[in-house]
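Each chain gets a letter, A, B and so on, in the order the sequences are listed, and its residues count up from 1.
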Number of protein chains: 2
Amino acid sequence: MSEMQSAAFDPLDPPKRAITADVVVLTVVDGNLWVVLQRRGDGADEPFPGRLSLPGTFVGDEEELLETAQRVLRDKVGLTVDARQLSRSGVYDLPDRDPRMRTISVAFVVLIAEHDHRTFIDTARDHGQLYQVSKLIDGGEDSQIIDQREPMAFDHVDILTEAREHVRVLLEETDAALDLLPPVFTLTQLREIYDAVWDASLNPGNFIKRVTRIDGFIEQVSPDGISEAEFPSSPIESDAAWMVYESVPSFNSVSTSDHAGSGAPSRRLGRPPRHFRSAGSAKLHPPLRRPGSYFSRPTSQE
Amino acid sequence: MSEMQSAAFDPLDPPKRAITADVVVLTVVDGNLWVVLQRRGDGADEPFPGRLSLPGTFVGDEEELLETAQRVLRDKVGLTVDARQLSRSGVYDLPDRDPRMRTISVAFVVLIAEHDHRTFIDTARDHGQLYQVSKLIDGGEDSQIIDQREPMAFDHVDILTEAREHVRVLLEETDAALDLLPPVFTLTQLREIYDAVWDASLNPGNFIKRVTRIDGFIEQVSPDGISEAEFPSSPIESDAAWMVYESVPSFNSVSTSDHAGSGAPSRRLGRPPRHFRSAGSAKLHPPLRRPGSYFSRPTSQE
DNA sequence: TCAAAAGTGTTCTGATTACACCCATGT
DNA sequence: ACATGGGTGTAATCAGAACACTTTTGA
């Protein structure tokens, strides 16, 4: 059978387009979800001068888009991440999304832990490159009347919105939340990650029971970092120093020490928590669904 | 702040790539999932001569990729579908996936109902363009030893594999199953769609209870097509002809009438079923999960 | 009367949620 | 002693699954 041809294009010389990979770098600090943005230049023929934008660049000749995203992170952001931490979140192809030329963008999301990239996050904060995701998407916290969003370049607010939803699903179905934590963490730290990304207030007790039931997700470690399958719930004989990676209260550190709810999780108060690390499996069985996805009646956790 | 540049590309003249939209046309006939494929030509400089491939073409200048997919369906397949029925299922960007040039493909999936496109399906079957998805992906049914898959061109078997998984999730979370049925259908017809796409054998009684509980998914209609909110379960007073769109046993119609399990659903045997139509809402609350996604223990429905 | 298909009822299991309560530690 | 945060127990509610059973038709 002869192949039907669309008659519009020569298959030996089809039209070519500009392709970019844009990267949404997300992190949780101080109980909030932050994104790394750059500010566009003020050149005369630059579109969206002075606007906030996601880092991105054009795909190379012999390069997968995932590698392009890694290159963007290395060259334009200053981050080195594993390929497995990057997740494709969307394709953006409206013909007029870039006023200069026809540009199709593929968006990637990466979650970085405050602990693993402490110096980067401090530097980005000092340069004003960290923005609260909820304020960019929904507007300010008390913006019932006035929308105080700062507008982003191109359709990057759409990319950010879909990236946040993508990450919320990732936290339901995979162990992506561990990318936002140090190698050893407590269940409270893990719950605060889910609270921040889902914009939830999960019940601490119920969270412990749900998350420890998922097989292959997390495993308890002794204070010195050795995993123990049957580690006792109350470490009575432990007097050694706990090898805990603490969170730094880098934001809101204006010495008003008791208004930021979940600023410094490990300040040696109350019963000492157990410590956990990743148990290896990337997919959660069963998934850890957001509040309200099971029951249809209204709940207080939603 | 000066914008960092990757130094590899001129932002005013970035490298350009060929972009295509490939379409995975799926339908359920005779209890199986089928895909529409084309066979590549035997030209000397054609890659993958004679291989099976998904229909696709290059994106136009002022055209979204979704519109490209619609154009492919109209010009190369001979189908006219609504834009809402098309769903993006993946991006394929390996540098060497097309031996001719660097080509990045975006895949779309569309589900067509046997009833709505009966002449098209008959024509496609006569031209040998319909293939069973499970045989292309997994091999033949009894291929424990011999893999009798016919190889597909490019990475189209990967596209097809991810498209099937995409559709399986679509049937969990949206009313996409209704795209595979006529406007008025029975619960048995709907269950056979889920059985075919999920490769499941859902319990008929449990399926009825689950699916009728989902608010806004389907609503019962009287035999003449008028919806009734409180339609009685047993239509005692009905003697009029039922306006039912019946399935045609177009495949396996070799007169061995009792071996193809779910060939012709409406053959006037047993208790007459109720009839339903779409209730409008695209997203299902709660979703209709596949067997085994809730319980962790092994089940017989899986 | 019998088979076949549609639909209901019942029971068991298990997940979600709410909330009370206990445990361990610093001040 | 007391506050604070970590963690367990328990009960109510609801969903998934298995399966027996009833209903309604054609043969």
- Check whether the side chains of B:His117 and B:Thr27 place a donor and an acceptor atom closer than 3.5 Å, and report yes or no. no
- Task: Choose from C:dA6, D:dG7, C:dA4 the nucleotide whose nearest atom is closest to any side-chain atom of B:Leu269.
- Result: C:dA4
- Nearest-nucleotide pick for B:Pro272, side chain only, options being C:dG26, D:dT24, C:dT17: D:dT24
Polar side-chain atom of [X] near backbone of [Y] as donor-acceptor pair, under 3.5 Å:
X	Y	answer
A:Trp34	A:Leu26	no
B:Arg210	B:Arg289	yes
B:Asn203	B:Asn206	yes

Any side-chain heavy-atom pair from [X] and [Y] closer than 4.5 angstrom?
X	Y	value
A:Phe217	A:Leu190	yes
A:Phe207	A:Asp195	no
B:Arg290	B:Arg168	yes

Find the distance [X]:[atom1] to [N]:[atom2] and express it as a whole number of Å.
X	N	atom1	atom2	answer
B:Leu288	D:dA15	CG	P	13 Å
B:Arg191	C:dG7	CZ	C1'	11 Å
B:Ile208	C:dA5	CD1	P	14 Å
B:Trp198	D:dG16	CH2	P	10 Å
A:Leu284	C:dA15	CG	C1'	16 Å
B:Asn203	D:dA15	CG	P	17 Å
B:Glu172	D:dG16	CD	P	11 Å
B:His275	C:dA6	NE2	P	10 Å

- Message: Let me check the geometry of the helix from C:dT1-D:dA27 to C:dT27-D:dA1. What is the bend angle between the axes at its two ends, five pairs each, to 10°?
- Response: 20°
- Applying side-chain contact (heavy atoms from CB on, under 4.5 Å) to B:Thr174 and not counting sequence neighbours gives B:Leu170, B:Ala176
- Exercise: identify the closest heavy-atom pair between B:Ser278 and B:Leu178: CB-CD1, 3.5 Å
Within the structure, does a side-chain N or O atom of [X] lie under 4.0 Å from either OP1 or OP2 of [N]?
X	N	result
A:Arg289	C:dT16	no
A:Arg274	D:dG7	yes
B:Arg271	C:dA4	no
A:Arg210	C:dT16	yes

- Query: Would B:His166 and B:Ser87 count as a side-chain hydrogen bond (donor to acceptor under 3.5 Å, both in side chains) if you check the C-alpha gap in whole Å, the side-chain angles of each, and the deciding distance to 0.1 Å?
  - Reply: CA-CA 9 Å; B:His166 181 78; B:Ser87 173; 2.6 Å; yes
Please list, pair by pair, any protein nitrogen or oxygen found under 3.5 Å from a nitrogen or oxygen in nucleotides 9-11 of chain D.
unit_1	atom_1	unit_2	atom_2	d
D:dG9	O6	A:Lys209	NZ	2.9
D:dT10	O4	A:Lys209	NZ	2.9

- Task: Select base, sugar-phosphate, or nothing to describe what B:Arg213 touches, counting heavy atoms under 4.0 Å on all strands.
- Result: sugar-phosphate
